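First the structure, in the form of structure tokens, and then the observations on it.
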There are 2 protein chains.
Amino acid sequence: MDAVGDGTRRAILERLLEHPSAVGELAAGLPVSRPAVSQHLRVLKQARLVTDRQVGTRRIYAVDPQGVREVRAYWERFWSQALAHFKAVADTEAEQRAGSGHEEKSDGDGG
Amino acid sequence: MDAVGDGTRRAILERLLEHPSAVGELAAGLPVSRPAVSQHLRVLKQARLVTDRQVGTRRIYAVDPQGVREVRAYWERFWSQALAHFKAVADTEAEQRAGSGHEEKSDGDGG
DNA sequence: TCTAATCGTAAGTGCTAACTTACGGTAAGT
DNA sequence: ACTTACCGTAAGTTAGCACTTACGATTAGA
């Protein structure tokens with residue numbers, strides 16, 4: 001969750017989705033230093049979103065599809081429950097109104 | 001995204017999913033002050049996750065199911081693409097492995 | 001108009017985390 | 001063994017955010 005909350009980490013994830021990469025390669029394509037990327041990768045690794053393996057002096061990071069599925073499932077469940085709950089309540093309230101019209105109000109605030 | 005990244009905001013959303021509430025009511029059930037809730041509601045409103053309407057001196061906030069659907073769709077698309085992309089790449093690499101090894105290329109960075 | 005109730009906003013504070021520089025460690029080549 | 005390449009981590013700095021207190025604005029009632 002926190003893992004995908006940061007923009008840089010999402011950029012890293014996007015890169016890794018295309019193909020596994022070493023830390024230096026990732027840093028070269030991002031506006032942050034190599035240690036910063038390394039630290040982000042640590043967070044992603046703790047979140048089980050990436051895996052790493054050593055190849056010579058380099059460390060290749062790759063997306064862990066299993067972790068992606070888990071995070072995705074978590075959020076899908078969250079949103080689904082949210083919508084389901086809302087739908088149920090809206091339905092109950094509609095019955096309670098029993099004939100009263102439902103109106104969506106717009107705040108009209110421009111920003 | 002940022003909107004649901006904070007725990008307090010998620011708590012507010014959970015409360016609002018049960019039924020629309022005024023700011024004071026929300027604050028009374030949370031361990032933060034009323035202004036804090038008000039600021040969180042501002043973020044949720046900017047994210048189109050809640051709507052508000054004035055009732056007397058009170059302001060009633062409610063979940064905007066349309067916004068919830070949009071945010072949900074955004075993330076579902078994100079994760080789906082991620083998994084789809086990964087699957088495609090994994091498949092391609094599997095074919096490549098069938099004939100030759102896959103080697104990561106290095107490009108010297110200036111440091 | 002005066003008072004009570006409710007809310008948003010401004011100003012200021014504390015904590016988290018993202019970032020950089022500096023350093024040490026490991027692997028490969030000569 | 002020496003050098004080069006690549007990386008993770010520690011230490012320190014800085015920016016952002018969540019929170020609180022203080023204040024002004026709006027609405028309802030007498």
Side-chain angles (χ1 to χ4, degrees), chain A residues 1-16 19-62 105-111, chain B residues 1-16 19-64 101-111:
Chain A
M1 169 48 201
D2 262 355
V4 289
D6 181 70
T8 301
R9 277 198 288 270
R10 282 204 284 186
I12 291 175
L13 263 184
E14 303 254 7
R15 304 266 201 280
L16 290 182
H19 56 75
S21 304
V23 180
E25 294 175 5
L26 290 169
L30 293 169
V32 295
S33 68
R34 196 159 30 210
V37 173
S38 198
Q39 290 165 11
H40 282 304
L41 285 169
R42 188 182 205 182
V43 175
L44 290 172
K45 187 177 175 183
Q46 287 178 341
R48 308 296 177 190
L49 284 172
V50 302
T51 59
D52 64 323
R53 64 194 160 96
Q54 190 110 12
V55 178
T57 66
R58 309 166 65 204
R59 186 164 296 187
I60 309 299
Y61 282 85
K105 180 150 190 348
S106 167
D107 51 320
D109 170 69
Chain B
M1 172 50 203
D2 263 354
V4 290
D6 180 70
T8 301
R9 278 197 288 271
R10 282 205 282 189
I12 291 175
L13 264 185
E14 303 255 6
R15 303 272 200 285
L16 290 182
H19 57 74
S21 304
V23 180
E25 293 174 4
L26 290 169
L30 293 169
V32 295
S33 68
R34 198 158 27 213
V37 173
S38 199
Q39 290 165 9
H40 282 304
L41 285 169
R42 188 184 205 181
V43 175
L44 290 172
K45 186 177 175 182
Q46 287 177 340
R48 307 297 177 191
L49 284 172
V50 301
T51 60
D52 64 322
R53 65 194 160 97
Q54 192 109 11
V55 177
T57 64
R58 308 165 67 203
R59 188 165 294 187
I60 309 299
Y61 281 85
V63 172
D64 182 359
H102 180 62
E103 198 65 21
E104 290 294 334
K105 157 187 170 307
S106 170
D107 129 318
D109 55 338

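Chain letters run A, B, ... following the sequence lines, proteins first, then strands; residues in each count from 1. Keep in mind that this is a model prediction, so the values were computed, not measured.
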Begin with the C-alpha distance, continue with both residues' side-chain angles, and end with the deciding distance and a verdict on side-chain contact (heavy atoms from CB on, under 4.5 Å) for B/Leu44 and B/Val4. CA-CA 8 Å; B/Leu44 290 172; B/Val4 290; 5.6 Å; no

Roughly how many Å is it from CG in B/Leu44 to C1' in C/dG8, rounded to a whole number? 15 Å

A/Arg42 CZ to D/dC7 C1', straight-line distance once rounded to whole Å: 13 Å

Is the closest basic N to carboxylate O distance between A/Arg59 and A/Asp52 below 4.0 Å? yes

Answer yes or no: does a side-chain N or O of B/Arg9 lie under 4.0 Å from OP1 or OP2 of D/dA18? yes

Does the protein touch nucleotides 19-25 of chain D at the base, only the backbone, or not at all? Give it as B, S and - per nucleotide, heavy atoms under 4.0 Å. BBBB---

Where A/Arg9 and A/Ala3 come nearest, the two heavy atoms and their spacing: NE-O, 2.8 Å

Does A/Leu26 reach the side chain of A/Leu16, with side-chain heavy atoms less than 4.5 Å apart? yes

Should A/Tyr61 be listed as having a side-chain N or O under 4.0 Å from OP1 or OP2 of D/dG8? yes

Side chain proximity check, B/Tyr61 to B/Val23, heavy atoms < 4.5 angstrom: yes

Once you round it to whole Å, what is the distance between C1' of D/dA18 and CZ of B/Arg10? 16 Å

In whole Å, what is the span from the CD1 atom of A/Ile60 to the P atom of D/dA5? 17 Å

Between B/Ser38 and C/dG8, is there a contact of a side-chain N or O with OP1 or OP2 at under 4.0 Å? yes

Regarding A/Ser38 and A/His40, is there a side-chain donor-to-acceptor distance under 3.5 Å anywhere? no

Check the distance between D/dA5's P and A/Gln54's CD and give it to me in whole angstrom. 17 Å

Atom-to-atom span, CD1 of B/Ile12 to P of D/dA18 - whole angstrom: 11 Å

May I have the distance from B/Leu41 (atom CG) to C/dC7 (atom P), rounded to whole angstrom? 10 Å

So, does A/Arg59 get its side chain near the phosphate of D/dC6, meaning an N or O under 4.0 Å from OP1 or OP2? no

From A/Glu25 atom CD to A/Arg15 atom CZ, the distance as rounded to the nearest 0.5 Å: 11.5 Å

Please state how far atom CG in B/Leu26 lies from atom C1' in C/dT6, giving the value in whole angstrom units. 13 Å

